[in-house]
Amino acid sequence: MKAETLKLSRHPATLFLVWIYPIFAALAVGTPIVAALVSGAHPPSPAIDARQWAHQTAMMLEAPYSAFGRILVAGFVAVVFAGEYGWNTWKLIIPARSRTQLVATKWLVVVGLLLTALIAADLIVLAGTMSRAALIGPGLPSGLSAGLVLGVHLKVAAGIWAPLLSTLAFASLAAVFTRSILPTVLLAIGAVLIEPLLGFIALAASPYAPSLVGWVIKATPFYNTANLEAAAKGGGSTLMLAHGERLSLDPHASAAVLGVWMLLAAAATLMRFERDDLN
């Protein structure tokens, strides 16, 4: 695992697909501070309460929720897995360990690097926002405490497993089947674009088979990922069906359904890779 971590952390693609998070965070919070200090102008900021402030400082942890964030994750997974086919390097590292161990190691390293980047970006935004309050104002909101900030950030962080791990599972499956970076990324983009269309699909199809449509939608990884993301933010994903019916699912049930999908994708990845001719 140490060798894989060292290899991927130094890969050029990691800079643009992983370390982009702390880089963007530093620019996002640092640029306004520098501009204000140089110009001497301190533009007013809207007053917010302590909980809103804590949520705003957790914005980088919400990156995997977004479509662009998931495409970045899928792109990194494509480089890690499909890239080995393009560079014809699988056969050089396969003899050193079992194929299952190799795939599992890559999964762990990918998750570790992404979490490291997201946590670093989160700390940068938090420190930068506090520095801005001290240097150019406005000050920190009343009622703010370390416990409140920690609780909000941990709650947001706990919700990223759904988009992060599901994207990892399905992108690695696509990578070992397509054996190419570009098709893997295109499939990931397609999957991300399907999710916002679920509401329209459900509404259009429900008049013909409402019970079947509801069951199918609830069984998709797309809906359950969206439902868990909404639950992490304090809500839920509700789709409108025909005749005013609403489709919703308990977050715990969504976690179970998505977990099954991820296990199936992981198992299919391992089965495909075990049978792959890498010569």
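In this chain, residues are counted from 1 in sequence order.
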Enquirer: What's the spacing between Ile181 CD1 and Phe81 CZ if we round to 0.5 Å?
Expert: 12.5 Å
Enquirer: First locate atom CG of Leu15, then atom CD1 of Ile23, and finally report the distance between them rounded to the nearest 0.5 Å.
Expert: 5.0 Å
Enquirer: State yes or no: do Leu108 and Val77 share one hydrophobic cluster built from I, L, V, M, F, W and Y residues joined by side-chain heavy-atom distances below 4.5 Å, directly or via other members?
Expert: yes
Enquirer: Any idea which heavy atoms bring Thr184 and Ala175 closest together, and the distance?
Expert: OG1-CA, 3.3 Å
Enquirer: If you measure from CE on Met60 to CG on Asp122, what distance do you get to the nearest 0.5 Å?
Expert: 9.0 Å
Enquirer: Mind listing the closest non-hydrogen atom pair of Arg99 and Phe273 along with its distance?
Expert: NH1-O, 2.6 Å
Enquirer: Quick one, Leu115 and Leu164 - any side-chain contact, counting heavy atoms below 4.5 Å?
Expert: yes
Enquirer: Taking atom OH of Tyr85 as the centre, report whether more than 12 heavy atoms of other residues, nucleotides or ligands fall under 6.0 Å from it.
Expert: yes
Enquirer: Does Thr167 use its side chain to pair, donor to acceptor, with the backbone of Arg70 at less than 3.5 Å?
Expert: no
Enquirer: Any sub-3.5 Å donor-acceptor pair from Ser9's side-chain atoms to Leu6's backbone N or O?
Expert: yes
Enquirer: Which atom pair, heavy atoms only, marks the closest approach of Val156 to Tyr65?
Expert: O-OH, 2.9 Å
Enquirer: Check whether Val18 and Val109 end up in the same hydrophobic cluster, where Ile, Leu, Val, Met, Phe, Trp and Tyr are linked by side-chain heavy atoms less than 4.5 Å apart.
Expert: yes
Enquirer: Treating Ile, Leu, Val, Met, Phe, Trp and Tyr as nodes and any side-chain heavy-atom pair under 4.5 angstrom as an edge, say whether Leu123 and Val149 lie in one connected cluster.
Expert: no
Enquirer: Following the transitive rule for hydrophobic clusters with a side-chain heavy-atom cut-off under 4.5 Å over Ile, Leu, Val, Met, Phe, Trp and Tyr, establish whether Ile119 and Val73 coincide in one cluster.
Expert: no
Enquirer: What's the shortest heavy-atom distance between Phe16 and Leu72, and which atoms?
Expert: O-CD2, 4.4 Å
Enquirer: According to a 4.5 Å side-chain heavy-atom criterion applied to Ile, Leu, Val, Met, Phe, Trp and Tyr, with indirect links allowed, do Leu17 and Leu61 form part of one hydrophobic cluster?
Expert: yes
Enquirer: What pair of heavy atoms forms the shortest contact from Ile124 to Val29, and how long is it?
Expert: O-CG2, 4.0 Å
Enquirer: Considering residues, nucleotides and ligands other than Trp107, do more than 12 of their heavy atoms fall under 6.0 Å from its CH2?
Expert: yes
Enquirer: Might you work through the side-chain hydrogen bond (donor to acceptor under 3.5 Å, both in side chains) test for Gln56 and Thr129, ending with a clear yes or no?
Expert: CA-CA 9 Å; Gln56 286 187 1; Thr129 307; over 6 Å; no
Enquirer: Are the side chain of Asn224 and the backbone of Lys218 linked by a donor-acceptor contact shorter than 3.5 Å?
Expert: yes
Enquirer: Indicate the atoms forming the closest heavy-atom contact of Thr269 with Ala169, along with that distance.
Expert: OG1-O, 4.1 Å
Enquirer: Would you say the rings of Trp53 and His153 are close, in the sense that their centroids are separated by under 6.0 Å?
Expert: no
Enquirer: Supply the atom-to-atom distance Leu258 CG to Met262 CE, rounded to the nearest 0.5 angstrom.
Expert: 4.5 Å
Enquirer: Are Val103 and Ser172 close enough, and set up right, to give a side-chain contact (heavy atoms from CB on, under 4.5 Å), and what steps lead you there?
Expert: CA-CA 9 Å; Val103 171; Ser172 58; over 6 Å; no
Enquirer: Rounded to the nearest 0.5 Å, how far apart are CE of Met271 and CG of Leu173?
Expert: 11.0 Å
Enquirer: Stepwise, does the salt bridge (Lys or Arg N to Asp or Glu O under 4.0 Å) test hold for Glu84 with Lys7?
Expert: CA-CA 12 Å; Glu84 300 282 9; Lys7 181 180 78 172; 2.8 Å; yes
Enquirer: How many angstroms lie between NE2 in His11 and CZ in Phe76, if you round to the nearest 0.5 Å?
Expert: 8.5 Å
Enquirer: Within a radius of less than 6.0 Å around CE of Met130, do more than 12 heavy atoms belonging to other residues, nucleotides or ligands occur?
Expert: no
